[in-house]
Protein chains: 2
Amino acid sequence: MAARATRQQIVDAADELFYGHGYAQTSFADIAAAVNISRGNFYYHFKTKDEILDAVIEKRLEDREWLLARWDETSDSPAARIACFIRIVIVNQAKIMAYGCPVGTLTAELAKLEHPSKNKANAIMALFRDWLIRQFIDLGHEARAEDYALHVLGWSQGVATLAQAFKDEEYITREVEKILGWLDGLVPGRAAKT
Amino acid sequence: MAARATRQQIVDAADELFYGHGYAQTSFADIAAAVNISRGNFYYHFKTKDEILDAVIEKRLEDREWLLARWDETSDSPAARIACFIRIVIVNQAKIMAYGCPVGTLTAELAKLEHPSKNKANAIMALFRDWLIRQFIDLGHEARAEDYALHVLGWSQGVATLAQAFKDEEYITREVEKILGWLDGLVPGRAAKT
DNA sequence: GCGCAATTAGGATGATTGTCCTAATTCTAT
DNA sequence: ATAGAATTAGGACAATCATCCTAATTGCGC
């Protein structure tokens with residue numbers, strides 16, 4: 001098999017396992033078993049566990065960049081794009097209730113580990129923040145764009161955490177509707193609520 | 001030394017270590033070293049690591065129960081009590097920026113580990129929820145009490161997650177002011193905002 | 001078809017882990 | 001003061017972990 005393909009399989013498997021069980025709790029053997037390759041082969045592609053983590057973070061970053069770029073293309077209003085972001089918690093409902101937010105839980109875990117790659121993981125969170133800031137600027141809220149962006153991002157993290165703890169689908173739906181209402185109030189040409 | 005005192009020391013040390021480094025990442029040896037006792041002595045008080053975790057969760061639960069009871073006594077309006085809860089993120093700012101929310105990060109970790117004690121950890125989150133529900137009922141919002149309670153709880157989790165990722169003190173302050181403004185709008189005799 | 005590089009397999013290693021055991025020490029009741 | 005219980009110390013244990021090594025196999029250019 002081409003080295004690229006094997007490497008890709010390893011990263012994909014590690015991505016899922018890190019998400020489902022956490023980074024520290026996932027062993028080399030776990031990943032090797034998931035991909036059905038020997039640990040020796042494994043070592044050929046990644047010298048250390050940290051290298052796999054870096055590759056997984058990079059993959060997650062690229063995945064999100066691609067997703068955001070797609071929203072940039074397909075939605076023609078910034079409000080619609082922000083709404084896309086908000087609705088992730090519904091689209092990924094099942095996984096979020098089981099494992100939380102892939103980005104939030106990873107940054108939290110790496111921060112506790114004081115892992116060298118924690119800043120790299122934080123960059124994914126920053127990617128979301130900066131993209132949201134751009135949307136709010138486009139929406140005509142330049143002065144409060146960062147404030148609003150962090151508000152939405154923090155909202156998503158809070159919803160994900162409670163969804164995981166309480167497994168309450170209705171709560172997620174209610175929160176989405178509430179923040180969409182808030183967002184609606186920010187669209188120019190409407191009565192502002194705050 | 002009295003058995004109770006040693007046990008207490010172990011639980012206290014484990015509590016801090018679990019908070020700072022995570023449960024899975026904290027070893028028997030780490031705790032023993034922190035308390036300065038032998039692993040043998042350790043085993044006399046706790047047969048398994050899970051037993052320590054249970055004790056830590058119970059301690060955290062009792063600590064929070066005590067804190068909420070104190071707020072119930074010292075603040076005479078439900079709005080003031082909810083404000084106390086909101087301001088935890090400022091009072092514990094430094095620790096939250098370093099390690100996140102003690103309750104949220106633990107429930108998230110145990111959920112990924114599918115640990116037998118995860119429900120016990122979730123009970124702390126439920127304690128906050130139920131206490132907040134009571135406050136909002138007292139505030140005269142019986143119909144939407146649960147909705148509001150989860151809103152505040154989710155808010156605190158979101159703020160804690162982003163505070164840890166971005167280490168931005170101003171963001172925390174801003175968010176606290178915003179939600180206190182929202183809370184103010186819910187106090188009877190004022191113009192409701194939603 | 002041959003040679004060489006890329007890729008894979010699988011075992012070895014040393015460190016760390018949670019758990020368990022036995023012997024020493026300390027405390028307490030009489 | 002002394003017996004018996006409570007507490008502590010420290011080492012042994014098997015399992016698991018990330019890491020490393022060497023040998024086998026595969027694929028590809030010629």
Side-chain angles (χ1 to χ4, degrees), chain A residues 1-58 106 109-110 112-118 120-121, chain B residues 1-58 106 109-110 112-118 120-121:
Chain A
M1 197 192 309
R4 186 98 60 83
T6 305
R7 202 191 132 95
Q8 191 66 42
Q9 275 187 293
I10 292 172
V11 174
D12 288 348
D15 187 11
E16 276 190 38
L17 288 169
F18 288 172
Y19 181 34
H21 305 330
Y23 169 69
Q25 220 50 27
T26 302
S27 71
F28 264 53
D30 290 335
I31 307 173
V35 187
N36 232 21
I37 62 172
S38 66
R39 276 165 307 142
N41 186 4
F42 207 106
Y43 182 71
Y44 174 76
H45 294 279
F46 294 98
K47 297 257 170 290
T48 69
K49 200 180 169 186
D50 291 354
E51 272 185 33
I52 308 173
L53 176 62
D54 273 355
V56 167
I57 295 177
E58 234 147 70
L106 183 67
E109 182 180 2
L110 296 187
K112 293 215 182 202
L113 264 55
E114 296 208 57
H115 195 281
S117 296
K118 68 173 180 170
K120 216 168 171 176
Chain B
M1 197 191 310
R4 187 96 60 82
T6 304
R7 202 192 132 96
Q8 191 66 42
Q9 275 188 293
I10 292 172
V11 173
D12 288 348
D15 188 12
E16 275 189 39
L17 288 169
F18 289 173
Y19 181 34
H21 304 347
Y23 169 70
Q25 219 51 29
T26 302
S27 71
F28 263 54
D30 290 335
I31 307 174
V35 187
N36 233 21
I37 62 174
S38 66
R39 275 165 308 142
N41 186 4
F42 206 106
Y43 183 71
Y44 174 76
H45 294 279
F46 295 97
K47 297 257 169 292
T48 68
K49 199 182 171 186
D50 290 353
E51 273 186 32
I52 309 174
L53 176 61
D54 273 356
V56 167
I57 294 176
E58 235 147 69
L106 183 67
E109 182 179 4
L110 295 188
K112 292 213 183 202
L113 263 55
E114 295 207 57
H115 194 281
S117 295
K118 68 172 179 170
K120 216 168 171 176

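No hydrogens, no waters, no symmetry mates; every other heavy atom, side chains included, goes into these values. Below, read A as the first sequence line, B as the second, and so on, with proteins coming before strands; counting in each chain starts at 1.
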query: Does B/Thr6 have a side-chain nitrogen or oxygen under 4.0 Å from the phosphate oxygens OP1 or OP2 of D/dT8?
result: yes

Between P of C/dA6 and CZ of A/Arg7, the distance in whole Å: 16 Å

- prompt: Could you give all pairs that pass the ring pair (Phe, Tyr, Trp, His ring centres under 6.0 Å) test and reach residues 7-40 of chain B, with sequence neighbours left out?
  reply: B/Phe18-B/Tyr23, B/Tyr19-B/Tyr99, B/Tyr23-B/His115, B/Phe28-B/Phe42

field: Under the side chain to side chain donor-acceptor pair (under 3.5 Å) test, residues paired with A/Asp30 that sit two or more places apart
entry: A/Ser27

Please list, one pair per line, the donor and acceptor atoms closer than 3.5 Å that link side chains of residues 31-41 of chain A to other protein atoms, with sequence neighbours excluded.
residue: A/Ser38; atom: OG; partner: A/Asn41; partner atom: N; Å: 3.2
residue: A/Asn41; atom: OD1; partner: A/His45; partner atom: NE2; Å: 3.4

query: Which residues satisfy the side-chain contact (heavy atoms from CB on, under 4.5 Å) test with B/Glu58, sequence neighbours excluded?
result: B/Glu62, B/Lys120

- prompt: Considering residues at least two apart in sequence or located in another chain, which fulfil the side chain to side chain donor-acceptor pair (under 3.5 Å) criterion with B/Thr48?
  reply: none

message: By the salt bridge (Lys or Arg N to Asp or Glu O under 4.0 Å) test, which pairs, at least two apart or in different chains, include something from residues 7-16 of chain A?
response: A/Asp12-A/Lys59, A/Asp15-A/Lys59, A/Asp15-A/Arg60

task: Pull out every residue in residues 43-56 of chain B that has a heavy atom closer than 4.0 Å to any atom of DNA chain D, ordered by number, or say none.
output: B/Tyr44, B/His45

message: For a quick test of reading the model, state the closest non-hydrogen atom pair linking B/Leu110 to B/Ser117 and the distance between them.
response: CD1-O, 4.1 Å

statement: The correct set of residues in residues 14-40 of chain B placing a heavy atom under 4.0 Å from DNA chain C is B/Thr26, B/Ser27, B/Phe28, B/Arg39

- prompt: Is any side-chain nitrogen or oxygen of A/Asn41 closer than 4.0 Å to OP1 or OP2 of C/dA9?
  reply: yes

query: What do the steps show when you test B/Asp50 against B/Asp54 for side-chain contact (heavy atoms from CB on, under 4.5 Å), and what is the final call?
result: CA-CA 6 Å; B/Asp50 290 353; B/Asp54 273 356; 5.7 Å; no

